[in-house]
Amino acid sequence: MDELFYYNIQQFIALSDEKLTRRTFERFTEGYFPEFISVKLLNKYFDRQGSKRGTYYV
């Protein structure tokens, strides 16, 4: 699962000008990852920035 997630993150970063958020990543992967899995992996590999409603990852 981590390898597939990492591949999708690389594609998102290369192709998108948007900030990396749970919602933009979900839209990019067309909902392939369940929400709780994507949040868990985003928290594992990235630092959270922003407020609760405007959280993005770097």
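No hydrogens, no waters, no symmetry mates; every other heavy atom, side chains included, goes into these values.
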- Item | Side chain proximity check, Leu42 to Val39, heavy atoms < 4.5 angstrom | no
- Query: Would Tyr45 and Ile37 show up in the same hydrophobic cluster when neighbours are defined by side-chain heavy atoms closer than 4.5 Å?
  - Reply: yes
- Message: Using the rule given for side chain to side chain contact (heavy atoms under 4.5 Å, CB included), can you reason through Leu20 versus Glu18, listing the C-alpha separation, both sets of side-chain angles and the distance that settles it, and then say yes or no?
- Response: CA-CA 6 Å; Leu20 177 58; Glu18 296 180 277; over 6 Å; no
- Verdict with reasoning, Phe12 to Thr24, per side chain to side chain contact (heavy atoms under 4.5 Å, CB included): CA-CA 9 Å; Phe12 177 85; Thr24 57; 3.7 Å; yes
- Item | Heavy-atom closest pair, residues Tyr57 and Thr21 | CD1-CA, 4.3 Å
Output a table of donor-acceptor pairs, distance under 3.5 Å, between side-chain atoms of residues 3-11 and any protein atom two or more places apart or on a different chain; print 'none' if there are none.
from, atom 1, to, atom 2, distance (Å)
Tyr6, OH, Gln10, NE2, 3.4
Asn8, ND2, Leu4, O, 2.8

- Message: Would the distance check show the side chain of Ser16 and the main-chain N or O of Ile13 forming a donor-acceptor pair, the cut-off being under 3.5 Å?
- Response: no
- Glu26: what forms a side chain to side chain donor-acceptor pair (under 3.5 Å) with it, not counting sequence neighbours? Arg22
- Working to the nearest 0.5 Å, report the span between NZ of Lys40 and CD of Glu35. 14.5 Å
- Item | Tyr32 atom OH: more than 12 heavy-atom contacts under 6.0 Å | no
- Query: Are Phe46 and Val58 close enough that some pair of their side-chain heavy atoms sits under 4.5 Å apart?
  - Reply: no
